[in-house]
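Counting starts at 1 for both ligands and their atoms, in listed order.
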Amino acid sequence: MGTTTEADYPPTQRSRVKRLHDRARYDRETVHAILDAGLLCHVGYVIDGQPYVTPTAYWREGEQVYWHGSSASRMLRHLKGRPRVCFTVALMDGLVLARSGFHSSVNYRSVMAFGEAEVIEEADAKRAALEAMMERIVPGRWPTLKPPTLQELKATTVVSLALEEVVAKVRSGPPKDEPEDYALDVWAGVVPTSIVLGRPASDPDLKPGVVVPENLSRIRIG
Ligand SMILES: Cc1cc2nc3c(=O)[nH]c(=O)nc-3n(C[C@H](O)[C@H](O)[C@H](O)COP(=O)(O)OP(=O)(O)OC[C@H]3O[C@@H](n4cnc5c(N)ncnc54)[C@H](O)[C@@H]3O)c2cc1C
């Protein structure tokens with residue numbers, strides 16, 4: 001992950017990190033690396049004055065992030081109006097156990113982006129986006145699947161958000177205690193956390209003879 005802080009994404013009044021601003025990253029390399037490591041985002045939007053935050057799967061291509069769902073979804077129907085949204089991704093890397101409760105923390109990599117959501121209407125663009133999603137989840141799986149029908153494409157809404165007003169925030173490393181607290185007889189350190197992929201469990205209705213594909217070993221999350 002990049003340690004540079006060049007402003008590929010110039011901070012705005014909204015996106016500039018103020019609290020612990022040394023943890024902020026405005027460079028493309030860091031933002032892309034975090035987005036490419038995650039699979040779950042939270043999208044915030046307001047309907048009739050009520051804020052909603054919806055957890056959903058996402059993927060990135062170039063300077064766009066995408067998410068998708070049923071065309072009947074309230075969230076996705078609302079996003080057709082090009083509303084402003086707040087998109088976040090957070091990856092937890094460890095429990096930071098300090099010598100005091102106050103300095104105990106969490107190691108993490110996170111991204112927050114603001115902008116107008118845009119619905120992808122055109123069938124070929126939608127198909128390409130869905131292929132990119134599947135390739136993000138399991139590289140090499142899309143060509144092995146039954147292609148989507150026009151009806152399935154119609155029933156699916158794909159939304160994109162341009163990465164323009166975006167910032168990453170990263171905490172890593174050991175606890176940072178008060179100088180006098182290092183003399184205490186209290187264990188301090190980091191308990192790493194990560195997403196662990198389990199052993200694939202075959203569908204009980206799997207056709208006999210179909211084996212677990214090799215490409216499942218290429219899934220990368222976190
Ligand atoms: C890890 C993860 C990945 C997901 N990936 C996708 C995806 O790729 N595409 C997709 O369409 N959906 C996904 N979902 C489901 C998504 O969170 C929404 O439930 C879905 O998009 C329907 O949204 P809606 O606004 O139409 O729901 P509605 O049913 O209209 O929402 C009505 C109310 O139901 C409640 N509600 C809705 N969703 C949730 C929820 N997830 N948890 C708790 N309460 C809820 C809220 O109170 C909400 O106000 C995912 C959820 C999780 C947790």
Straight-line distance of [X] [atom1] to [Y] [atom2], nearest 0.5 Å:
X	Y	atom1	atom2	value
Arg99	Leu184	CZ	CG	7.5 Å
Gln64	Glu164	CD	CD	8.0 Å
Glu165	Arg16	CD	CZ	11.5 Å
Arg127	Leu150	CZ	CG	6.5 Å
Trp59	Met134	CH2	CE	10.0 Å
Lys154	Thr156	NZ	OG1	12.0 Å

Tell me which protein heavy atom sits closest to [atom], plus the residue, atom name and distance to 0.1 Å.
atom	result
atom 4 (C) of ligand 1	Thr56 CA, 3.6 Å
atom 9 (N) of ligand 1	His68 O, 2.7 Å
atom 25 (O) of ligand 1	Met75 N, 3.1 Å
atom 22 (C) of ligand 1	Ser73 OG, 4.0 Å
atom 26 (O) of ligand 1	Arg74 N, 2.7 Å
atom 11 (O) of ligand 1	Gly69 CA, 3.1 Å
atom 15 (C) of ligand 1	Pro55 O, 3.9 Å

| field | ring pair (Phe, Tyr, Trp, His ring centres under 6.0 Å) pairs, two or more places apart, involving residues 96-139 | value |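 Qualifying pairs: none.
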
| request: Hey, could you give me each pair passing ring pair (Phe, Tyr, Trp, His ring centres under 6.0 Å) that has a residue in residues 29-54? Not counting sequence neighbours. | output: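 Sorted pair list: Tyr45-Tyr52, Tyr45-His78.
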
| query | Under 4.5 Å between any side-chain heavy atoms of Ser100 and Glu178, yes or no? | reply |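 No. Closest side-chain heavy atoms not under 4.5 Å.
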
| request: Report yes if the side chains of Thr56 and Cys41 come closer than 4.5 Å at any heavy-atom pair, otherwise no. | output: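 They are in side-chain contact.
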
| request: With heavy atoms under 4.0 Å as the rule, classify the contact between Tyr52 and ligand 1 as side chain, backbone, both or neither. | output: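 Near ligand 1, Tyr52 shows its side chain, while the N, CA, C and O stay back.
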
| message | Applying a heavy-atom cut-off of 4.0 Å, say which part of Leu40 lies close to ligand 1: side chain, backbone, both or neither. | response |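 Only the side chain of Leu40 comes within reach of ligand 1.
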
Protein non-hydrogen atom found under 4.0 Å from [atom]:
atom	answer
atom 42 (N) of ligand 1	no
atom 49 (O) of ligand 1	yes
atom 13 (C) of ligand 1	yes
atom 17 (O) of ligand 1	yes
atom 46 (C) of ligand 1	no
atom 39 (C) of ligand 1	no
atom 6 (C) of ligand 1	yes
atom 29 (O) of ligand 1	no

| Geometric N/O contact Ala57 with ligand 1, under 3.5 angstrom |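 Yes, there is a polar N/O contact under 3.5 Å.
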
| query | Below 3.5 angstrom, do we get any N/O pair linking Thr54 and ligand 1? | reply |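 No; the residue has no nitrogen or oxygen that sits under 3.5 Å from a nitrogen or oxygen of the ligand.
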
| request: Using a cut-off of 6.0 Å, state whether more than 12 heavy atoms not belonging to Lys146 lie near its atom NZ. | output: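 Count not over threshold, so no.
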
| Arg28/Glu63 ion pair, N-O < 4.0 Å |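 Yes, this pair counts.
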
